[in-house]
Amino acid sequence: PAFHLASSFQDSANNVPLVFVLSPGADPTDDLLRFADEMRFSKKLDTVSLGQGQGARAEALVREATERGTWVLLQNCHLAVSWMPSLEKLVESFDPDKVHRDFRLWLTSMPSEQFPVLVLQNSVKMTNEPPRGIKTNILRTYGGFDEAFIATGEASGVPAASGAGASVAAPPS
C-alpha cells in the first residue's frame, strides 16, 4: 500500500525508525521534505546519502540528533552493506527514556537481504510504488502542485502537501 506520512509518523516513536522500502522509480524524499516543513522540522532534518565512507558521518549525525531532538534521513541503506551491522547496533542502542522525544530516524532502502532484520522488524515500514502508466503519473504530478503554482506557474515557496499515494481527481476537460 502507498504510504501516508502523517499516520506513519503517528505510529513511530523516538526509538522506532521509519523505513521507506523503495521500488524502482519511486523516491519519497520530496514527500518527506514537505512533511518536515508541515511539522516545522525542515531546518531540523539532516540527510545523508549512504555510500563509500558515509557511515561514520551518518552515525555522528544520528547520535547528535538523538540528543537534540532532530530528524535524520539515511538514504540508500542498500548501498552501505558493510555499514548495516553498525546501523543495527545504533538502532538497538536507542533507549526511549534517554533519546530526545522529538528524534526520528528515517531510512530508505531497496529490498536487500543485507538490511538488518531487527531494524526492519522494529520499524514503521512504508512503500511507494511509482504510478503505472502516463495518465496516472501525470495526475500524481499534477496533484503535487499548489493552486498558486497552477495559476501562475511560479512556486509559492511551500509545495502542496498532497502526500504520496493521495488520490487525485482528473482536471476538468
Side-chain angles (χ1 to χ4, degrees), residues 2-130 144 155 157-165:
F3 66 86
H4 185 261
L5 281 175
S7 61
S8 296
F9 181 78
Q10 297 256 330
D11 292 340
S12 73
N14 61 353
N15 66 328
V16 177
L18 296 108
V19 178
F20 293 101
V21 180
L22 302 175
S23 57
D27 182 3
T29 305
D30 288 342
D31 293 308
L32 179 57
L33 294 174
R34 274 193 294 273
F35 181 69
D37 191 57
E38 287 173 18
M39 299 294 291
R40 300 176 195 233
F41 264 76
S42 59
K43 293 182 178 160
K44 299 177 189 174
L45 170 63
D46 289 305
T47 303
V48 177
S49 185
L50 293 174
Q52 285 188 325
Q54 294 300 310
R57 178 173 175 249
E59 187 167 344
L61 276 174
V62 170
R63 291 199 186 281
E64 182 180 323
T66 61
E67 294 174 12
R68 291 182 25 224
T70 57
W71 294 357
V72 176
L73 170 61
L74 301 181
Q75 296 175 297
N76 301 317
C77 292
H78 59 282
L79 299 179
V81 173
S82 65
W83 189 70
M84 288 300 95
S86 298
L87 174 65
E88 184 173 29
K89 288 177 189 166
L90 188 61
V91 170
E92 279 183 298
S93 75
F94 294 163
D95 179 341
D97 296 326
K98 294 181 180 171
V99 171
H100 193 288
R101 65 183 173 89
D102 292 334
F103 166 74
R104 290 298 184 278
L105 177 61
W106 304 82
L107 307 168
T108 71
S109 182
M110 294 292 283
S112 168
E113 291 183 18
Q114 286 75 32
F115 193 90
V117 172
L118 184 98
V119 174
L120 204 52
Q121 288 174 337
N122 297 308
S123 66
V124 174
K125 293 159 279 303
M126 299 164 280
T127 61
N128 184 22
E129 305 242 345
V158 179
S162 65

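FYI, side chains are in, hydrogens and waters are out, and symmetry mates aren't considered; it's all heavy atoms of this structure.
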Worksheet item: Salt bridge or not for D31 and R34, using N-O below 4.0 Å?
Response: yes

Worksheet entry | Pairing of R63 and E59 as salt bridge, 4.0 angstrom limit | yes

When you measure from the side chain of [X] to the backbone of [Y], do you find a donor-acceptor pair of N or O atoms at a distance under 3.5 Å?
{"X": "W106", "Y": "F20", "answer": "no"}
{"X": "N15", "Y": "P96", "answer": "no"}
{"X": "D95", "Y": "D97", "answer": "yes"}
{"X": "N122", "Y": "L118", "answer": "yes"}

Do [X] and [Y] come close enough that some side-chain heavy atom pair is under 4.5 Å?
{"X": "S49", "Y": "Q54", "value": "no"}
{"X": "L73", "Y": "L33", "value": "no"}
{"X": "R104", "Y": "L18", "value": "yes"}
{"X": "L50", "Y": "L79", "value": "no"}
{"X": "V21", "Y": "P111", "value": "yes"}
{"X": "V48", "Y": "D46", "value": "no"}
{"X": "M110", "Y": "P24", "value": "yes"}
{"X": "L32", "Y": "F41", "value": "no"}

For [X] and [Y], which heavy atoms make the closest approach, and how far apart are they?
{"X": "F35", "Y": "L5", "answer": "CB-CD1, 3.6 Å"}
{"X": "S123", "Y": "V16", "answer": "CA-CG1, 3.9 Å"}
{"X": "A65", "Y": "T70", "answer": "CB-OG1, 3.1 Å"}
{"X": "F115", "Y": "S109", "answer": "CD1-OG, 3.7 Å"}
{"X": "A58", "Y": "L74", "answer": "CB-CD2, 3.6 Å"}

Discussion item. Evaluate K125 against L120 for side-chain contact (heavy atoms from CB on, under 4.5 Å), listing each step before the verdict.
Written reply: CA-CA 7 Å; K125 293 159 279 303; L120 204 52; 3.8 Å; yes

Between atom [atom1] of [X] and atom [atom2] of [Y], what is the distance when rounded to the nearest 0.5 Å?
{"X": "L22", "Y": "N76", "atom1": "CG", "atom2": "CG", "result": "7.0 Å"}
{"X": "E67", "Y": "K98", "atom1": "CD", "atom2": "NZ", "result": "12.0 Å"}
{"X": "L90", "Y": "L105", "atom1": "CG", "atom2": "CG", "result": "7.5 Å"}
{"X": "L45", "Y": "M39", "atom1": "CG", "atom2": "CE", "result": "12.5 Å"}
{"X": "M126", "Y": "T108", "atom1": "CE", "atom2": "OG1", "result": "10.0 Å"}
{"X": "Q114", "Y": "H78", "atom1": "CD", "atom2": "NE2", "result": "11.0 Å"}

Worksheet item: Looking at F94 versus F103, is the centre-to-centre ring distance below 6.0 Å?
Response: yes

Item to complete: For side chain to side chain donor-acceptor pair (under 3.5 Å), just list the numbers for Q75 and T29, CA-CA rounded to whole Å, side-chain angles, deciding distance to a tenth of an Å, and then say yes or no.
Response: CA-CA 9 Å; Q75 296 175 297; T29 305; 2.9 Å; yes

